[in-house]
Visitor: 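Let me begin by handing over the structure; questions about it come next.
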Amino acid sequence: MSDDVKEWREVAKVADVPENDVIQVQLGETCIALFNLDGRHYATSGICTHAHALLAQGYVQDDTIECPLHQGVFHIPTGRAMAAPVTKDLQTYEVKVDGERILIRLP
Ligand code: FES
């Protein structure tokens with residue numbers, strides 16, 4: 001057994017996240033946007049760095065997420081802020097898939 005196994009927490013099942021879409025999950029007090037891009041999963045903070053908008057209500061296009069409130073854009077795999085008005089990158093989280101389970105490790 002890996003010594004860090006207890007840090008990984010299940011947040012969803014693979015079937016819960018439609019392809020090329022996003023859902024919101026909660027891990028303790030942390031709001032997370034969980035993405036499925038062509039079968040690959042990514043996790044970022046679920047809240048836009050510009051104001052308090054929920055990114056799971058935004059629009060996934062290719063490997064970016066557009067915020068539903070002021071249309072700021074972030075690069076999903078890296079969390080990088082790409083288009084105004086967002087200037088601060090999103091926190092990203094490690095994701096792994098174990099069978100049907102999606103697990104996230106918080107820093
Ligand atoms: Fe996301 Fe303003 S709240 S761009």
Side-chain angles (χ1 to χ4, degrees):
M1 271 295 198
S2 161
D3 57 2
D4 65 1
V5 71
K6 67 175 187 268
E7 298 176 27
W8 290 97
R9 303 263 306 275
E10 181 177 344
V11 293
K13 303 288 188 201
V14 169
D16 294 337
V17 196
E19 192 153 303
N20 298 313
D21 207 346
V22 56
I23 65 168
Q24 183 174 313
V25 296
Q26 195 75 23
L27 194 48
E29 298 196 342
T30 306
C31 175
I32 295 168
L34 182 60
F35 299 88
N36 173 353
L37 301 184
D38 292 327
R40 209 171 157 160
H41 295 84
Y42 299 91
T44 69
S45 167
I47 298 169
C48 185
T49 57
H50 179 239
H52 201 86
L54 297 175
L55 292 176
Q57 296 174 1
Y59 305 97
V60 174
Q61 184 159 36
D62 299 325
D63 59 357
T64 65
I65 175 77
E66 182 185 277
C67 177
L69 197 53
H70 309 115
Q71 290 71 53
V73 177
F74 298 95
H75 182 236
I76 293 166
T78 61
R80 188 164 45 88
M82 294 180 68
V86 297
T87 55
K88 186 165 180 266
D89 295 349
L90 284 175
Q91 171 78 51
T92 58
Y93 304 109
E94 290 180 90
V95 181
K96 72 176 180 183
V97 174
D98 178 19
E100 287 305 305
R101 304 184 308 148
I102 301 175
L103 301 102
I104 288 179
R105 181 157 64 176
L106 296 183

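Ligands are counted one by one from 1 in listed order, and the atoms in each one are counted from 1 as well.
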Visitor: Just checking Glu94: does its CD atom have more than 12 heavy atoms from other residues, nucleotides or ligands closer to it than 6.0 angstrom?
Guide: yes
Visitor: Tell me, which residues have any heavy atom less than 4.0 Å from some atom of ligand 1?
Guide: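 Only Cys48, His50, Ala51, Ala53, Cys67, Leu69, His70, Gly72, Pro85, Val86 have heavy atoms that fall under 4.0 Å of ligand 1, ordered by chain and number.
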Visitor: Can a salt bridge be assigned to the pair Arg101 and Asp98 using a cut-off of 4.0 Å between side-chain N and carboxylate O?
Guide: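 So Arg101 pairs with Asp98 through a salt bridge.
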Visitor: Measure the spacing between CD of Glu100 and CG of Asp16 and express it to the nearest 0.5 Å.
Guide: 9.5 Å
Visitor: To the nearest 0.5 Å, how far apart are CZ in Phe74 and OG1 in Thr92?
Guide: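 Going from CZ on Phe74 over to OG1 on Thr92, the span is 12.0 Å.
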Visitor: Could you walk me through whether Asp38 and Asn20 satisfy the side-chain hydrogen bond (donor to acceptor under 3.5 Å, both in side chains) test, starting with their C-alpha distance in whole Å, then the side-chain angles of each, then the deciding distance to 0.1 Å, before giving a yes or no?
Guide: CA-CA 6 Å; Asp38 292 327; Asn20 298 313; 3.2 Å; yes
Visitor: Do any pairs count as a side-chain hydrogen bond (donor to acceptor under 3.5 Å, both in side chains) and have a residue in residues 68-89, sequence neighbours left out, and if so which ones?
Guide: His50-His70, Asp63-His75, His75-Thr78
